[in-house]
Amino acid sequence: MAILVIAEHDNRTLKGATFNTVAAATQMGGEIHLLVAGSNCKAVAVTAASLDGVSKVLLADDLAYEHQLAENISKLVTELGKDYSHIVAPATTSGKNFLPRVAALLDVAQISDITAVEAENRFQRPIYAGNAIATVESLDPIKVITVRGTAFDPVETKGSAEISEISISHDAKLSSFIGEVMAESDRPELTAAEVIISGGRGMGNGENFALLETVADKLGAAVGASRAAVDAGFVPNDMQVGQTGKIVAPELYIAVGISGAIQHLAGMKDSKVIVAINKDEEAPIFTVADYGLVADLFDVMPELQEKL
Amino acid sequence: MKILVTVKRVIDYNVKVRVKSDNTDVDLANVKMALNPFCEIAVEEAVRLKEAGVATEVVVVSIGPKACQEQIRTALALGADRGIQIETDSMPESLNAAKLLAKVIAEEQPELIVMGKQAIDSDNNQTGQMLAALLDMPQGTFASELKLESGKAQVTREVDGGLQTVELNLPAIVTTDLRLNEPRYASLPNIMKAKRKPLAVKTPADLGVELKEHSKLIQVTPPAERQAGIKVASVDELVEKLKNEAKVI
Ligand SMILES: Cc1cc2nc3c(=O)[nH]c(=O)nc-3n(C[C@H](O)[C@H](O)[C@H](O)COP(=O)(O)OP(=O)(O)OC[C@H]3O[C@@H](n4cnc5c(N)ncnc54)[C@H](O)[C@@H]3O)c2cc1C
Ligand SMILES: Nc1ncnc2c1ncn2[C@@H]1O[C@H](COP(=O)(O)O)[C@@H](O)[C@H]1O
């Protein structure tokens, strides 16, 4: 039986997380079909068709799916998913939103946030903020899974799958989209960036994040934050890295004025190289840092900017 | 309006768990347990709605062994009116938890259900969404703002790219994110008062739910340890190491 992967997109472009999710699916064995559900999203299906490993793109173009409302998308995926061995989506806020509904409608469990595929029914996933790794075996006929993108290298785009249009419209009429405020940024997305520089409570205020921005400009880096920095209103919520924010694993992660609470470490400790800049030499962030600099960030950041 | 809030007993968020040496699970013996922080935010939101005169009653439900009555009492001390414990030997899988909660909701008929977005032990982030599907209700997950107006709920959600607002018919399920509110501390008089608030105990059999096994835990292992790093003395040394040793810039 085949594997159904749900593409993540904004009706215009296919999101990076989809590439990692398809990579995970290729390890589950079986043909891969990629569902693009949205409105006026044909361009997305065209990109989707080029993903390596995908044999068919299912395009469900309908106004009911425009905003990926969980109540509507879950009905579509449930109807299509009955004939698949696996239903897989990225563990992003979108995948986390609709996929558990699909699992419940199919009367099966969801295995959340997998980081490794051991067999077609056996997966690894972090629990307790990544302080333990569980190996779980699914006993269900259909395996419903969300994938942690950073654990799988994205697939390439040399394929050419057929696109098959499906006309199934599900409007549950339970919810409606009112609006959204999306952060605009020219920087790379946090979850896909090669370099990330994150600030914590030690930054003092939102304006001081400019110190990180100038360094980020030089390194082509994304800018992240701890929960404390988001709670204090220094920066928007979509910048939070951690157990309950974004999980990142760049080549280089620079933590500035961040103490290194378990919940923050959970989101970044798989980074290849970690740098910590903190004036408290006892800060737990130093236990995971490859290079620690005990100093005042307000002295260090201008100098770092200059010397890069 | 009646509001139902779910609360899970989990390890205290400050504790770093260790894996048992036989790799069967994590070691929770003598570990400090607490109310899941996201459930605490859920209780706070419901209590505020009651204080604002929007809600008339706040019912809390917890599923698990007898010890989870402690967390129900905590929620009662924070201002909830009564509790229901669904007694199980161990913490049920999410789908089973959702099925049990669905039955309680069918009996209680609340107009709003507030849950945590995620339990910080399993890190599943799925029970609320599953429950919503079983009840064919709308959901507002990862809420940072909740408004109840003209028979609907407006929920602002923390999504990857920013904030999204949706409108939900009632009854609805809302799951909390960190920015929804800042929970209060229970006062001593309220802790005393909570001891006398009603707490009913039910079993899965009472609710007519058969718990199915959907997955098996094969093993639990510690994560890969990071090699201990070094301290650098200056910005110059840091830049030099990143260039020539780590080769990441
Ligand atoms: C349910 C739950 C979920 C959570 N999820 C997350 C999550 O996803 N992500 C997350 O990050 N946190 C999360 N947290 C919060 C976490 O527990 C910590 O509270 C948070 O990470 C602390 O942020 P911080 O390191 O910026 O602040 P603090 O712990 O206050 O640390 C600030 C640091 O800055 C240093 N500093 C101050 N001034 C300077 C200076 N001038 N120069 C250099 N250093 C300086 C200090 O020495 C200190 O180490 C969660 C908590 C809970 C309960
Ligand atoms: N055993 C339980 N008892 C009560 N509520 C629960 C239980 N398990 C999960 N929940 C609720 O569902 C939310 C999400 O949990 P989870 O899907 O396991 O991450 C929690 O924050 C609780 O509000």
Side-chain angles (χ1 to χ4, degrees), chain A residues 70-71 74 92-93 96-97 100-101 103-105 108-113 122 126-140 174-183 219 227 231 236-238 243-244 251-252 262 269 273 275 288-294 300 303-304 307-308, chain B residues 11 13 16-17 19 26 93-95 98 117-118 120-126 129-130 132-134 137-139 141-142 144 154 158-169 178-179 213-223 226 229-232 235-236 238-239 241-242 246 248-249:
Chain A
E71 297 80 0
S74 60
T92 53
T93 51
K96 287 173 184 168
N97 191 37
R101 285 187 84 109
L105 293 174
V108 299
Q110 172 177 286
I111 302 186
S112 300
D113 221 9
R122 215 190 240 233
I127 52 176
Y128 293 90
N131 287 307
I133 309 294
T135 303
V136 287
E137 193 168 289
S138 165
L139 307 174
D140 286 320
L174 291 169
S175 59
S176 50
F177 171 84
I178 301 292
E180 63 191 1
V181 187
M182 291 304 190
L219 296 173
R227 173 194 173 180
D231 281 7
N237 64 282
D238 62 295
Q243 178 188 18
T244 60
E251 292 290 303
L252 173 60
I262 300 171
K269 74 177 158 55
V273 175
V275 171
V288 300
D290 299 282
Y291 303 108
L293 180 54
V294 181
V300 168
E303 189 183 344
L304 183 61
K307 291 188 171 151
L308 280 171
Chain B
I11 186 168
Y13 79 96
K16 185 172 176 201
V17 287
V19 171
V26 294
E93 289 185 57
S94 300
L95 183 58
K117 81 162 177 180
Q118 179 170 338
I120 61 160
D121 50 2
S122 67
D123 282 335
N124 272 327
N125 194 332
Q126 60 187 26
Q129 297 88 315
M130 288 179 158
L134 295 177
M137 279 186 195
Q139 66 185 44
T141 53
F142 329 142
S144 64
Q154 266 214 10
E158 294 202 0
V159 295
D160 286 336
L163 295 169
Q164 182 196 61
T165 304
V166 290
E167 189 170 80
L168 314 174
N169 295 350
L178 296 169
R179 260 68 62 179
E213 194 185 14
H214 292 274
S215 67
K216 266 203 164 71
L217 184 61
I218 306 294
Q219 65 166 8
V220 176
T221 51
R226 283 191 79 91
I230 57 159
K231 292 254 168 65
V232 291
V235 172
D236 285 320
L238 176 63
V239 172
K241 294 277 187 205
L242 291 177
V248 284
I249 58 171

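All chains are named by letter (A, B, ...) in the order of the sequence lines, taking the proteins before the strands, and each is independently numbered beginning at 1.
Only the side chain of A:Arg122 comes within contact range of chain B, judged by heavy atoms closer than 4.5 Å. Within the 4.5 angstrom heavy-atom criterion, atoms from both the backbone and the side chain of A:Glu303 approach chain B. B:Leu178 touches chain A through backbone and side chain together, each having a heavy atom under 4.5 Å away. Using a 4.5 Å cut-off between heavy atoms, A:Ser74 makes no contact with chain B at all. At a 4.5 Å heavy-atom cutoff, the contact between B:Leu95 and chain A is made by side-chain atoms alone. Of the atoms belonging to B:Val159, heavy atoms from both backbone and side chain fall under 4.5 Å from chain A. With a 4.5 Å cut-off on non-hydrogen atoms, A:Ala289 touches chain B through its backbone but not through its side chain. B:Val17 touches chain A through backbone and side chain together, each having a heavy atom under 4.5 Å away. Both the backbone and the side chain of B:Glu213 come within contact range of chain A, judged by heavy atoms closer than 4.5 Å. With a 4.5 Å cut-off on non-hydrogen atoms, A:Asp113 does not touch chain B at all. Both the backbone and the side chain of B:Gln219 come within contact range of chain A, judged by heavy atoms closer than 4.5 Å. Contacts between A:Leu219 and chain B at a heavy-atom distance below 4.5 Å involve the side chain alone, from C-beta outward. For B:Ala98, no part lies under 4.5 angstrom from a heavy atom of chain A.
Of the residues considered (A:Leu252, A:Val275, A:Val300, A:Val181), A:Val181 shows the highest number of contacts with chain B, using heavy-atom pairs under 4.5 Å. By number of non-hydrogen pairs under 4.5 angstrom with chain B, the leading residue of A:Asn131, A:Thr92, A:Leu105 is A:Asn131. Your options are B:Thr221, B:Asp236, B:Asn125, and the one with the most heavy-atom pairs under 4.5 Å with chain A is B:Thr221. Of the listed residues (B:Val19, B:Ile120, B:Ile11), the greatest number of heavy-atom pairs within a distance under 4.5 Å of chain A belongs to B:Ile120. Among B:Val232, B:Thr141, B:Val248, the residue making the largest number of heavy-atom pairs under 4.5 Å with chain A is B:Val232. Of all the listed residues (A:Ala129, A:Gly179, A:Ala183), the one sharing the greatest number of non-hydrogen pairs under 4.5 Å with chain B is A:Gly179. Each of B:Gln154, B:Glu93, B:Lys241 has some count of heavy-atom pairs under 4.5 Å with chain A, and the biggest count is that of B:Lys241.
Contact check for B:Lys216 versus A:Ser138: no side-chain heavy atoms found under the 4.5 Å cut-off. For the pair B:Gln139/A:Asn97, a side-chain contact is recorded, criterion being any heavy-atom separation below 4.5 Å from C-beta on. A:Leu304 has its side chain within reach of B:Val239: a pair of non-hydrogen atoms, C-beta onward, lies under 4.5 Å apart. Put simply, the side chain of A:Thr93 does not reach to within 4.5 Å of the side chain of B:Glu158, judged on heavy atoms. Within the 4.5 Å cutoff, no side-chain heavy atoms of A:Leu293 are placed close to those of B:Lys231. In this structure the side chain of A:Asn237 reaches within 4.5 angstrom of the side chain of B:Arg179, judged on heavy atoms. Looking at heavy atoms from C-beta onward, A:Thr244 lies in side-chain contact with B:Lys117 at the 4.5 angstrom threshold. Using a 4.5 Å cut-off on side-chain heavy atoms (C-beta onward), B:Ile249 and A:Leu308 make contact.
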Checklist line | Residue pair A:Val273, B:Leu242: steps toward the side chain to side chain contact (heavy atoms under 4.5 Å, CB included) verdict | finding: CA-CA 9 Å; A:Val273 175; B:Leu242 291 177; 4.2 Å; yes
Checklist line | Test side chain to side chain contact (heavy atoms under 4.5 Å, CB included) applied to B:Thr165 and A:Glu180, step by step | finding: CA-CA 6 Å; B:Thr165 304; A:Glu180 63 191 1; over 6 Å; no
Note to self: Please determine whether side chain to side chain donor-acceptor pair (under 3.5 Å) holds for the pair B:Gln126 and A:Ser112, giving the CA-CA distance in whole Å, both sets of side-chain angles, and the decisive distance to 0.1 Å.
What the structure shows: CA-CA 8 Å; B:Gln126 60 187 26; A:Ser112 300; 3.0 Å; yes
Margin query: Set out, in order, the CA-CA distance, both residues' side-chain angles and the distance that settles side chain to side chain contact (heavy atoms under 4.5 Å, CB included) for B:Ile218 and A:Val136, then state yes or no.
Written below: CA-CA 5 Å; B:Ile218 306 294; A:Val136 287; 5.9 Å; no
Note to self: Let's go through B:Asp160 and A:Asp238 carefully: what are the C-alpha distance in whole Å and the side-chain angles of both, what is the deciding distance for side chain to side chain contact (heavy atoms under 4.5 Å, CB included) to 0.1 Å, and is it a yes or a no?
What the structure shows: CA-CA 5 Å; B:Asp160 286 336; A:Asp238 62 295; 6.0 Å; no
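Closest approach of B:His214 and A:Asp140 over heavy atoms only: ND1-OD1, 2.8 Å. The shortest heavy-atom contact between B:Tyr13 and A:Ile262 is O-CD1, 3.9 Å. Contact detail for A:Ile127 and B:Ser122: the closest heavy-atom pair is CG2-O, 3.8 Å. Scanning both residues, A:Ala104 and B:Ala133, for their nearest heavy atoms gives CB-CB, 4.0 Å. For A:Lys96 against B:Gln129, the heavy-atom pair with the smallest separation is O-NE2, 2.9 Å. When all heavy atoms of B:Met130 and A:Pro100 are compared, the closest pair comes out as CG-O, 3.3 Å.
With sequence neighbours excluded, the residues forming a ring pair (Phe, Tyr, Trp, His ring centres under 6.0 Å) with A:Phe177 are A:His67, listed by chain and number.
Between B:Arg226 and A:Asp290 there is a salt bridge, with a side-chain nitrogen of the basic residue lying less than 4.0 Å from a carboxylate oxygen of the acidic one.
Looking only at atom types and distance, the side chain of A:Gln243 has a donor-acceptor partner in the side chain of B:Asp123 under 3.5 Å away. No hydrogens or angles considered: nothing links the side chains of A:Gln110 and B:Asn124 as a donor-acceptor pair under 3.5 Å.
Residue A:Tyr128 holds its OH atom at 4.5 Å from CG of B:Asp121, rounded to the nearest 0.5 Å. Note that NZ of A:Lys307 is 11.0 Å distant from CG of B:Leu238, once rounded to the nearest 0.5 Å.
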